[in-house]
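The figures here come from the full heavy-atom set of this structure, side chains too, leaving out hydrogens, waters and symmetry mates. What you are looking at is a predicted structure, and each value in this text was computed from that prediction instead of being measured.
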Number of protein chains: 2
Amino acid sequence: MTITLKDIAKHVGLSVTTVSRALAGYDDVAKGTRQRVRAAAKEMGYYPNITARHLQKQRTDTLAFVVPTPGPRFSDPFFSELLAGIGNEAGRHHFDLLVSTQSPDSEDERETYRRIVHGRRADGVLVVRTRQNDERIRFLSEQSFPFVAFGRSDLGSSFPYVDEDSYAGTQLITQHMADLGHRRIGLVSAPAGLMFCQLRVAGYRDTLRANGLEPDQALIIGGDLTQRGGFQAAQTLLALDPRPTAIIACNDLMALGAMSAAQKLGLVIGQDLSVGGFDDIPLAEHAHPPLTTVRQPIYEIGQRITRMLVQLIQGQLAPETRQDASRSSREGETAAETQVILTPQLIIRDSSGPPPDGG
Amino acid sequence: MTITLKDIAKHVGLSVTTVSRALAGYDDVAKGTRQRVRAAAKEMGYYPNITARHLQKQRTDTLAFVVPTPGPRFSDPFFSELLAGIGNEAGRHHFDLLVSTQSPDSEDERETYRRIVHGRRADGVLVVRTRQNDERIRFLSEQSFPFVAFGRSDLGSSFPYVDEDSYAGTQLITQHMADLGHRRIGLVSAPAGLMFCQLRVAGYRDTLRANGLEPDQALIIGGDLTQRGGFQAAQTLLALDPRPTAIIACNDLMALGAMSAAQKLGLVIGQDLSVGGFDDIPLAEHAHPPLTTVRQPIYEIGQRITRMLVQLIQGQLAPETRQDASRSSREGETAAETQVILTPQLIIRDSSGPPPDGG
DNA sequence: CTGTTAGCGCGTTCAA
DNA sequence: TTGAACGCGCTAACAG
């Protein structure tokens with residue numbers, strides 16, 4: 001049997017209202033009464049019914065996180081890290097976290113968002129891995145539902161987000177390979193629909209050109225961000241003649257897969273072949289050899305978008321900047337707080353070195 | 001503006017009650033009426049308020065999963081896999097999933113469980129990584145709150161669970177090392193409070209003895225289930241003289257850390273040192289070299305405990321078997337469905353081989 | 001200071 | 001076949 005306010009009221013001989021206010025700590029209730037009520041509540045083991053409270057307060061103190069996983073069986077450390085950051089930060093602000101995994105752009109994903117928004121299942125949602133023409137963002141914007149994204153969008157609307165500078169990040173690692181003397185540098189790309197994919201490929205291409213190297217389409221292979229995908233893409237790249245002396249992958253997981261593929265061929269990573277990644281997941285440091293990569297603070301980004309979302313819900317975040325450019329100069333400062341771009345950092349480890357025979 | 005039943009009622013000129021029943025598909029409403037109502041609902045973009053429904057129905061269609069993470073920054077593929085299985089299965093049954101991460105045995109963890117149970121925040125919870133004298137299980141049992149565990153317990157109470165046979169699993173891998181000719185086999189253990197820890201250590205010890213090897217306390221090092229922990233434990237083990245020729249870790253993550261430590265010393269895994277793990281996380285297969293380990297189907301276990309929990313909530317699962325042993329024979333069949341022990345499987349890969357100099 | 005009334009949005013009696 | 005009344009548990013507005 002669960003104890004309700006009514007039970008307490010009956011027990012202490014007061015009205016439900018008074019009990020409610022006594023427990024809420026309102027000061028329009030007699031001190032003695034309050035103490036009596038509180039004692040009774042404690043003794044009877046009272047806990048407020050959270051659902052009833054949500055209904056009455058018209059908010060759920062809940063955030064939703066719909067993880068865009070390609071297959072049912074995902075096990076991407078990237079999402080783990082992000083989830084850890086999100087979960088802990090949500091807890092700090094006394095928000096519950098609703099987690100769901102859905103295939104990107106699937107009907108199930110759309111339905112999940114509709115349910116959350118229209119059914120008022122949560123007070124806000126976290127959108128990650130933004131896509132070109134992202135229907136999630138369009139939908140949430142249309143519905144004026146609170147959300148914060150990890151990643152930018154190509155839609156016109158303006159919304160709060162945190163993103164890392166993918167272009168600059170890929171520049172860093174590509175330049176690193178070029179500086180080491182590599183001239184045939186392969187790229188394991190990501191699904192083209194992802195916003196960061198374009199930027200990373202562009203960063204790679206532009207940096208090659210800046211170093212007098214002409215991008216070779218054969219050296220760019222699509223990947224699906226999984227270890228297996230990196231493995232397969234690397235196999236394709238390493239079958240080329242002449243084969244690349246360096247491979248850059250659009251995330252660490254694929255980079256690790258690429259290393260396996262190379263090692264299977266008997267190549268020594270860092271000598272026969274250099275490999276670079278992106279993300280700096282915890283695994284990267286402990287890989288063999290440790291992976292040279294571009295670091296983005298995933299856990300902290302998870303925390304940050306969560307904090308921003310909570311503030312947005314509580315009205316503490318500057319309202320979203322409009323497309324209206326004329327106001328942008330005056331709103332420069334608030335805009336800086338709601339739209340953050342982080343500069344990634346190159347982490348050089350042992351998986352990269354000079355090419356085997358000087359080039 | 002959100003559309004409610006009241007809005008539809010006003011629009012079609014009927015009572016809220018009728019609208020509610022029309023949408024629910026009751027057959028005591030005129031066919032024409034039903035169609036009219038449905039059309040209006042669709043046109044107006046009606047979605048039921050989920051919170052209101054929960055309150056009325058006295059259930060939340062929500063499961064809670066409190067992940068026991070030692071630190072805030074966890075990134076354990078084990079939990080990712082489990083979460084994937086749980087999340088997908090929950091979705092299949094139209095249950096939402098509430099995820100929270102809390103430090104094992106902390107006050108925050110206790111408070112989280114109290115909130116879920118007393119506040120009726122969810123209809124059931126999933127308990128994983130069971131511990132000795134597990135207060136979560138005691139609490140949930142006392143409160144008769146629906147739960148299913150991944151792992152057994154040393155408390156008297158009986159409850160539904162799925163577990164893998166840790167003892168048999170460790171026997172397998174220890175015997176494998178012994179068969180290869182290893183005589184000094186180190187063990188990187190797990191936090192002693194975990195139920196599976198005792199079993200794995202026992203499986204290791206007993207198998208050594210069965211092979212005429214006396215367990216050496218110096219060869220058993222505590223680990224915290226993280227990669228870093230495995231790294232450090234392996235460093236300690238490898239500093240011994242003579243050092244072990246094989247190391248078994250209580251989970252794959254530590255095994256990978258141990259491989260790194262060995263490789264840092266210039267040892268070749270599978271030749272100079274054999275390493276074995278436990279779990280068979282996706283990473284294990286793609287490690288370098290691929291890790292010999294004991295496989296337990298984590299994803300499927302996540303699915304399975306979730307399915308059991310849903311059935312338990314819906315009253316489709318046999319009631320928990322009592323301690324009352326006299327009935328056990330008659331209830332053998334139902335008990336078999338609510339208390340499952342899976343037999344793990346040895347996966348031999350390249351990280352294990354004969355000891356360097358024949359022993 | 002306390003109680004009455006009212007309502008969050010929905011589903012379920014029970015009459016009509 | 002439909003509607004009025006009621007309750008889920010809680011909080012807020014208003015009287016007294």
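- One can place CG of A:L23 at 8 Å from P of D:dT11, the figure rounded to the nearest angstrom.
- For D:dA4, neither phosphate oxygen OP1 nor OP2 lies less than 4.0 angstrom from any side-chain nitrogen or oxygen of B:S15.
- The side chain of B:N49 has C:dG9 as its nearest neighbour among C:dG3, D:dG9, C:dG9.
- Heavy atoms of B:T4 sit under 4.0 angstrom from primed sugar atoms or phosphate atoms, though from no base atom.
- A:K10 places its NZ atom 15 Å from the P atom of C:dG3, with the value rounded to the nearest Å.
- Only B:D28, B:V29, B:A30, B:T33, listed by number, bring a heavy atom of residues 26-48 of chain B to less than 4.0 angstrom from any atom of DNA chain D.
- If you check every strand for non-hydrogen atoms under 4.0 Å, A:L55 touches a base.
- With distances taken from any side-chain atom of B:Q56 to the nucleotides D:dT11, D:dT2, C:dC10, the minimum falls on C:dC10.
- One interatomic measurement links the two molecules: NE2 of B:H118 to P of D:dC10, which rounds to 14 Å at whole-angstrom precision.
- In this structure, B:R53 reaches the C:dG11 phosphate: one of its side-chain N or O atoms is under 4.0 Å from OP1 or OP2.
- Here C:dG9 presents its P atom at 18 Å from CD of B:Q58, a figure rounded to the nearest Å.
- For the pair A:E300 and A:R307, the salt-bridge criterion is not met [side-chain N within less than 4.0 Å of a carboxylate O].
- Summarising the geometry, the separation between NE2 on B:H54 and C1' on D:dG7 is reported as 18 Å, rounded to the nearest angstrom.
- Taking side-chain N and O atoms only, A:S20 has no distance below 4.0 Å to OP1 or OP2 of D:dC10.
- Residue contacts shown for A:V16 include a base, since a base heavy atom lies under 4.0 Å away.
- Rounded to whole Å, atom P of C:dG3 lies 13 Å from atom CG of A:L5.
- Between B:D123 and B:K57, no side-chain nitrogen of the basic residue sits less than 4.0 Å from a carboxylate oxygen of the acidic one, so the salt-bridge criterion is not met.
- Ion pair B:R152/B:D134 not flagged as a salt bridge, since none of the NZ, NE, NH1 or NH2 atoms sits closer than 4.0 Å to an Asp/Glu carboxylate oxygen.
- Between B:F139 and B:H118, the ring-plane angle classifies as perpendicular under the 30° and 60° cut-offs.
- Using a 4.5 Å cut-off on side-chain heavy atoms (C-beta onward), A:V127 and A:F150 make no contact.
- Counting distance only, with no hydrogens placed and no angle test, the side-chain atoms of A:T17 and the base atoms of C:dT4 include a donor-acceptor pair under 3.5 Å.
- Distance A:K6 NZ to C:dT4 P: 14 Å, rounded to the nearest Å.
- Judged by distance alone, the side chain of A:T33 and the main-chain N or O of A:V29 form no donor-acceptor pair under 3.5 Å.
- The salt bridge (charged side-chain N to carboxylate O under 4.0 Å, His left out) with B:D105 is formed by just one residue from the set B:R129, B:R110, B:R131, B:R136; it is B:R131.
- The distance from atom CZ of A:R59 to atom P of D:dA12 is 9 Å, rounded to the nearest whole Å.
- A donor and an acceptor atom never sit less than 3.5 Å apart when one is taken from the side chain of A:R120 and the other from the base of C:dG9.
- Within 6.0 Å of NE2 in B:H11 there are 12 or fewer heavy atoms belonging to other residues, nucleotides or ligands.
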